[in-house]
Engineer: 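Below is the structure I would like to discuss, written out as structure tokens.
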Amino acid sequence: MVILLTKNDCPQCQQLKMFLKYGLNNKYEQDIKIVNKETDTLEFNELISKYGILSLPAFISNSESLTNTQPTPVVAFLEKHVGKK
């Protein structure tokens, strides 16, 4: 399971969600747990503290995080941690 940290009113978060939905045809939808700053505040704060996340959106999996949400690193991160190509 990959965790995606996001928040409301975040253009980069919306852009990433659009890429996951349309660019990748929701291929990873069942493999990504979205943790939203506004609705999952406690879990969100624990995760950003634990992993030292300073910018959003961010992926977390197996104690590894990714804040570069350009398509190429996102696909590489998801393939590594989910196993789908």
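Because the structure is predicted, anything quoted here is derived from the model rather than measured.
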Engineer: How close do S61 and H81 get, counting heavy atoms only, and between which atoms?
Structural biologist: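 So the two residues come closest at OG-ND1, 3.3 Å.
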Engineer: Just checking D9: does its CG atom have more than 12 heavy atoms from other residues, nucleotides or ligands closer to it than 6.0 angstrom?
Structural biologist: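 It does not: D9 CG has 12 such atoms or fewer within range.
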Engineer: So do V35 and I60 actually touch side chain to side chain, heavy atoms under 4.5 Å?
Structural biologist: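 Not in contact.
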Engineer: If you draw a 6.0 Å radius around NZ in K17, do more than 12 non-hydrogen atoms from other residues or ligands fall strictly inside?
Structural biologist: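 Yes - once you tally the heavy atoms of other residues, nucleotides and ligands closer than 6.0 Å, there are more than 12.
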Engineer: To the nearest 0.5 Å, tell me how far K7 NZ sits from I48 CD1.
Structural biologist: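 Atom-to-atom, K7:NZ and I48:CD1 are 10.0 Å apart.
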Engineer: Should we say atom CD of Q30 is surrounded by more than 12 heavy atoms from elsewhere, each under 6.0 Å from it?
Structural biologist: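 No.
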Engineer: Quick one: do I34 and L47 end up in the same hydrophobic cluster if we chain Ile, Leu, Val, Met, Phe, Trp and Tyr together by side-chain heavy atoms under 4.5 Å apart?
Structural biologist: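 Not linked; separate clusters.
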Engineer: Are any of the side-chain heavy atoms of V82 and V2 separated by less than 4.5 Å?
Structural biologist: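 Yes, side chains in contact.
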Engineer: Quick check: are there more than 12 heavy atoms from other residues, nucleotides or ligands sitting under 6.0 Å from CD of E79?
Structural biologist: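 Yes, CD of E79 has more than 12 neighbouring heavy atoms, counting only those of other groups under 6.0 Å.
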Engineer: Do side-chain atoms of N36 reach the backbone of T39 as a donor and acceptor pair under 3.5 angstrom?
Structural biologist: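 Here the side-chain-to-backbone pair exists.
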Engineer: Can you tell if the side chain of F19 reaches within under 4.5 Å of the side chain of L24, non-hydrogen atoms only?
Structural biologist: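 The answer is yes, as the side chains (C-beta and beyond) meet within the 4.5 Å cut-off.
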Engineer: Count the heavy atoms of every other residue, nucleotide or ligand shown that sit under 6.0 Å from NZ of K27, and state whether that count exceeds 12.
Structural biologist: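 For K27, atom NZ is crowded (more than 12 foreign heavy atoms under 6.0 Å).
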Engineer: Please report the interatomic distance CG(N26) to CG(D31), rounded to the nearest 0.5 Å.
Structural biologist: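 N26 atom CG to D31 atom CG measures 11.0 Å (nearest 0.5 Å).
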Engineer: Can you see which heavy atom on L56 is nearest to which on F44, and at what distance?
Structural biologist: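 Minimum heavy-atom separation between L56 and F44: CD1-CZ, 3.6 Å.
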Engineer: With a 3.5 Å distance limit and no angle check, can you tell me whether N62 reaches the backbone of E64 through a side-chain donor-acceptor pair?
Structural biologist: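 Not at all, since once roles are kept as given, no pair shorter than 3.5 Å links the two residues.
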Engineer: Contact between F77 and N68 at the side-chain level, heavy atoms closer than 4.5 Å - yes or no?
Structural biologist: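 Of all side-chain heavy-atom pairs linking N68 with F77, none is under 4.5 Å.
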Engineer: Would you say the side chain of L16 lies within less than 4.5 Å of the side chain of Q12, judging by non-hydrogen atoms?
Structural biologist: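 Answer no - side chains too far apart.
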Engineer: Would you kindly confirm whether L66 and L5 end up in one hydrophobic cluster when ILVMFWY residues are joined by side chain heavy atoms under 4.5 Å apart?
Structural biologist: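 No, it is not one cluster - the side chains of L66 and L5 are not joined through contacts under 4.5 Å.
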Engineer: Measure the NZ-OG1 distance between K37 and T6 for me, rounded to the nearest 0.5 Å.
Structural biologist: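 That separation rounds to 11.0 Å.
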